[in-house]
Amino acid sequence: MEQLFFFYFAAVIAVASVLVVALRNPIYSALSLLIMFFHVAGLYVSLRAEFLAAVQVIVYAGAILVLYLFVVMLLNLKQDDRYHRQWPVAGVVGLTLAVEAVMLTLLKGRAIPPAPANTNETVEGLGNTEALGDALYSTYLFPFEVASLILLVAMIGAIILAKKDIGGSEA
Amino acid sequence: MTIPVFYYLILSAVVFLTGLVGVLIRRNIIIILLSVELMLNATNINFVAFSQYFHNVAGQVFVFFALTIAAAEVAVGLAIIIALHRAKSSINVDEFQLLKW
């Protein structure tokens with residue numbers, strides 16, 4: 001049963017991500033990315049990361065993708081652009097990485113060490129959200145605050161970059 | 001009956017390669033940013049898979065931060081796209097040659 005779910009999610013994720021790159025119309029690409037985000041959330045549920053699954057749906061599918069669709073519709077794109085001339089370079093780089101991944105998994109992938117016995121920060125016992133919140137607000141408190149600062153900087157930067165010059169003067 | 005972590009690595013590698021090739025071959029800047037999102041999601045799948053494998057929540061905390069950075073990246077990236085579109089009325093990467101030597 002678990003394997004059935006994994007293969008379903010994995011197949012849809014792989015196909016949807018190929019469609020994101022291959023489709024001509026940016027709106028179809030964005031919608032295919034939406035399907036991929038939902039299935040990644042399903043994969044998180046099957047990995048017992050329920051909180052991250054909810055955050056994935058809310059932040060990625062809810063906020064980020066809406067922003068993309070908003071910009072696509074705002075810019076009213078033509079569909080005539082297609083692949084770049086540098087696709088041979090992309091082929092070489094992609095092929096190299098693919099061969100490397102295959103070699104590494106064939107040589108070492110089977111020899112991943114067995115999972116150690118439960119360390120002190122276990123996922124079991126507590127619920128997932130409680131365990132995550134406990135780690136986030138104790139061990140990772142400083143990175144958490146830095147993340148809020150990054151969000152503030154990104155917000156100010158986005159407003160300044162996208163602002164129209166008012167009155168013709170320098171913005 | 002549990003899924004080996006090996007399978008998650010393969011899935012993540014496939015998604016990451018797709019995103020990488022997408023960044024290199026597409027000419028539409030919006031699709032390039034979407035491909036960057038694909039790569040970020042591929043790494044997140046790896047983090048969560050290993051978090052469950054090692055019974056440690058640190059991986060999930062890291063995915064949380066990666067998500068924050070992804071949101072910031074999208075906000076700034078789309079603002080840059082709007083500014084570029086306003087300057088050139090195009091979002092085709094071939095046409096932005098101002099810094100080309």
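Here is how names work: the chains are called A, B, and so on, in the same order as the sequence lines, proteins then strands, and each is numbered from 1. For the numbers below, each heavy atom of this structure counts, side chains included, while hydrogens, waters and symmetry mates do not.
Looking only at heavy-atom pairs under 4.5 Å with chain A, the residue among B:I69, B:I30, B:I82 that has the most is B:I30. Among A:V93, A:V72, A:L67, A:V102, the residue making the largest number of heavy-atom pairs under 4.5 Å with chain B is A:L67. Taking chain A as the reference chain and counting heavy-atom pairs below 4.5 Å, the highest number among B:A83, B:G77, B:A70 is found for B:A70. Chosen from A:S17, A:A158, A:A11, the residue pairing most often with chain B at heavy-atom distances under 4.5 Å is A:S17. Taking B:L78, B:I81, B:I45, B:I80 one by one and counting their heavy-atom pairs under 4.5 Å with chain A, the maximum is reached by B:L78. Looking only at heavy-atom pairs under 4.5 Å with chain A, the residue among B:V14, B:L34, B:V74, B:L33 that has the most is B:L34. Listed options B:L67, B:V23, B:I10, B:T68 were ranked by heavy-atom pairs under 4.5 angstrom with chain A; first place goes to B:L67. Listed options A:A147, A:P143, A:G91, A:A101 were ranked by heavy-atom pairs under 4.5 angstrom with chain B; first place goes to A:P143.
Heavy atoms of B:A42 lying under 4.5 Å from chain A are absent altogether. With a 4.5 Å cut-off on non-hydrogen atoms, A:I159 does not touch chain B at all. Using a 4.5 Å cut-off between heavy atoms, B:L17 contacts chain A through its side chain alone, with no backbone atom that close. Heavy atoms closer than 4.5 Å to chain A are found nowhere in B:I32, neither backbone nor side chain. Looking at B:I31, the atoms closer than 4.5 Å to chain A (heavy atoms on both sides) all sit in the side chain, from C-beta outward. Only the side chain of A:V40 has a heavy atom closer than 4.5 Å to any heavy atom of chain B. Using a 4.5 Å cut-off between heavy atoms, A:F144 contacts chain B through both its backbone and its side chain. Both the backbone and the side chain of B:V48 come within less than 4.5 Å of a heavy atom in chain A. Proximity to chain B is limited to the side chain of A:F51, based on heavy atoms less than 4.5 angstrom apart. Of the two parts of A:L33, only the side chain, counted from C-beta on, holds a non-hydrogen atom closer than 4.5 Å to a non-hydrogen atom of chain B. A:A98 touches chain B through backbone and side chain together, each having a heavy atom under 4.5 Å away.
Separating the CG atom in A:L75 from the NE2 atom in B:H85 is a distance of 4.5 Å, to the nearest 0.5 Å. Note that CZ of B:F16 is 10.5 Å distant from OG1 of B:T18, once rounded to the nearest 0.5 Å. Interatomic distance, B:Y53 OH to B:Y8 OH, rounded to the nearest 0.5 Å: 12.5 Å. Annotation: the span from A:L52 atom CG to A:L43 atom CG amounts to 12.0 Å, rounded to 0.5 Å. Rounding to the nearest 0.5 Å places OH of A:Y60 at 9.0 Å from OH of A:Y68. In this structure, A:Q56 CD and A:H39 NE2 are separated by 12.5 Å, a value rounded to the nearest 0.5 Å.
Smallest separation of non-hydrogen atoms from A:V21 and B:G22: CG1-CA, 3.5 Å. The shortest non-hydrogen separation linking A:S32 to A:V20 is OG-CG2, 3.3 Å. Between A:A53 and A:V45, the closest heavy-atom pair is CB-CG2, 3.5 Å.
Around the OH atom of A:Y28, the shell of radius 6.0 Å holds no more than 12 heavy atoms that belong to other residues, nucleotides or ligands. The number of heavy-atom neighbours closer than 6.0 Å to CZ of B:F62, taken from other residues, nucleotides and ligands shown, is 12 or below.
Neither A:I27 nor A:V18 shares a network with the other; the hydrophobic side chains, linked directly or stepwise wherever heavy atoms of I, L, V, M, F, W or Y lie under 4.5 Å apart, form separate groups for each.
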